[in-house]
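One structure is given below, encoded as structure tokens.
Index from 1, following the sequence.
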Amino acid sequence: MCALNAKKYDYQLKTYFEAKVEKGKNKMLVLNNIRNKVLHRVFAVIKRQQPYVNIHNFAA
């Protein structure tokens with residue numbers, strides 16, 4: 001569920017999902033990749049003990 005919401009509301013992950021599906025990748029495979037990316041973000045926040053800051057301000 002987290003990957004679905006991330007795909008819906010995070011601009012970076014939304015464009016990543018759309019680009020990979022457009023290239024012919026399986027949707028579940030790409031959602032699994034998004035899950036992995038979200039987990040990496042979570043563990044980076046815990047390791048650094050700083051809040052997540054999106055440094056890439058893309059126009060939505």
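In this structure, R35 CZ and M1 CE are separated by 10.5 Å, a value rounded to the nearest 0.5 Å. Taking CE from M28 and CG from N33, the interatomic distance works out to 11.0 Å, rounded to the nearest 0.5 Å.
With sequence neighbours excluded, the residues that form a salt bridge (charged side-chain N to carboxylate O under 4.0 Å, His left out) with R41 are D10.
Both V21 and L4 sit in one connected hydrophobic cluster of ILVMFWY residues. Membership requires side-chain heavy atoms under 4.5 Å apart, directly or through other members.
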- [ ] Would you check, one step at a time, whether the test side chain to side chain contact (heavy atoms under 4.5 Å, CB included) holds for L13 with V38?
- [x] CA-CA 9 Å; L13 296 176; V38 170; 4.1 Å; yes
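Between V45 and Q50, the shortest heavy-atom distance links the atoms CG1-O, 3.2 Å. The shortest heavy-atom contact between Q12 and Y52 is OE1-OH, 4.0 Å. Of all the heavy atoms in L31 and A3, the pair that sits closest is O-CB, 3.8 Å.
A side chain to side chain contact (heavy atoms under 4.5 Å, CB included) with K20 is found for exactly one of V30, N26, L29, namely V30.
For the pair Y16/K37, a side-chain contact is recorded, criterion being any heavy-atom separation below 4.5 Å from C-beta on.
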